[in-house]
Amino acid sequence: MRKPLLLLALAAALLPACRAAPRAGTLVQVSTIDALLVGVYDGSMSCRELVRRGDFGIGTFERLDGEMIVLGGEVFQVKADGKVYRPSPDTRTPFAAVCAFEPGSSFEFEGPVDFEGLKRLLDGVLPNKNLFYAIRIDGAFARMKTRSVPAQQKPYPPLAEVTKHQPVFRMENVAGTIVGLRCPPFVKGVGVPGCHLHFLSADRSRGGHVLDFSLGRGTCAVDRCRRFVLLLPGGDGAFGRADLGRDRGEELERVEK
Ligand SMILES: [Zn+2]
């Protein structure tokens, strides 16, 4: 009599995982960038749940506690002290985007290439401006400039206030990986149009939200995502009360740079 019960328990345990199994070519995003801009920093999805949706991506953490890098299914947290932490699977995110990374194309770099140069390069190799792309660059960086953000207390200030005092980190001759996205212009208000890149050093000790860099030699791998899934925070939380009707394009521009 025990076996059917055991099987049932097993099926029940497996079902949620199957349901959330990542689908190739799908970018899954938690909440919207404008919600983050107005200070909705309460997490709505755990890291455990997030990596079930994708093994590659970027985001931030509950209370805006640093920059998130998801690489190889592992979650890394670059806090305001510039150090890299491994958050508990229960740690929640208010904003993140992940995919099951399966690069369809890749190319080699012969640098030096900076952020602007990379954008031009990507425009050349990814002429379809209206798709989502997950971008992985492994290389040796002569310079890497990143930032992080400090954890906030309620009542949460808008993101543009927080980034006025953002800690900036400058690295030299550092090997590592850029984990990033290029999103189409029409995601304005929902996601970050254009290139949004985070960095993690090869020794997993440094990283952050990329402001600029100079890349010597590297490899760029790209996964094209034709599906975009948006998972919005439910419940009666701050997301439901946020004013998300205004154009916050300029605010986003300031916050990203
Ligand atoms: Zn970022």
Side-chain angles (χ1 to χ4, degrees), residues 27-41 43-45 47 50 54 56-71 75-85 87 91-99 101 114-116 118-119 122 132-137 141 144-152 156-171 176-184 187-201 206-213 230 248-257:
L27 184 69
V28 178
Q29 185 182 295
V30 177
S31 192
T32 71
I33 191 64
D34 276 17
L36 199 71
L37 282 173
V38 301
V40 181
Y41 305 149
S44 62
M45 183 182 284
C47 289
L50 184 70
F56 181 95
I58 55 180
T60 185
F61 297 90
E62 176 119 21
R63 297 188 299 128
L64 202 68
D65 192 10
E67 306 284 351
M68 176 193 286
I69 295 115
V70 182
L71 186 57
V75 183
F76 300 90
Q77 180 178 19
V78 184
K79 291 200 189 190
D81 61 5
K83 292 182 185 152
V84 179
Y85 296 80
T91 306
R92 300 198 303 170
T93 175
F95 180 79
V98 294
C99 70
F101 193 67
D114 63 4
F115 203 155
E116 287 305 314
L118 174 72
K119 286 181 198 167
L122 290 175
F132 294 81
Y133 295 94
I135 296 157
R136 173 177 179 154
I137 299 168
F141 297 83
M144 173 58 73
K145 182 180 170 191
T146 64
R147 72 106 196 269
S148 185
V149 277
Q152 300 297 302
Y156 292 138
L159 189 53
E161 278 303 311
V162 178
T163 55
K164 273 182 192 167
H165 319 287
Q166 63 186 9
V168 172
F169 313 111
R170 287 177 175 82
M171 298 154 235
T177 304
I178 283 178
V179 173
L181 301 172
R182 196 186 83 178
C183 293
V187 292
K188 198 171 187 288
V190 173
V192 179
C195 285
H196 180 187
L197 314 176
H198 286 190
F199 175 74
L200 183 66
S201 66
R206 291 174 291 174
H209 169 105
V210 173
L211 298 174
D212 203 5
F213 58 82
L230 188 59
R248 300 182 193 275
E250 268 179 38
E251 220 174 308
L252 178 64
E253 184 82 0
R254 262 186 287 138
V255 160
E256 287 294 304
K257 307 226 166 110

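Given the structure is predicted, the values throughout are model-derived calculations rather than measurements. Remember, it's 1-based here, ligands and their atoms both numbered in the order they're listed.
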| task | Describe, in one word, how the ring planes of His209 and His196 are oriented to each other, choosing from parallel (under 30°), tilted (30 to 60°) and perpendicular (over 60°). | result | tilted

| Relative to each other, are the rings of Phe101 and Phe56 parallel, tilted or perpendicular (30° and 60° limits)? | parallel

Heteroatom of [X] nearest to the Zn ion (ligand 1) (N, O or S, atom name):
X      : result
His209 : ND1
His196 : NE2
His198 : NE2

| By side-chain hydrogen bond (donor to acceptor under 3.5 Å, both in side chains), which residues pair with Gln29, not counting sequence neighbours? | none

| query | Is it the case that more than 12 heavy atoms not belonging to Lys83 sit under 6.0 Å from its NZ atom? | reply | no

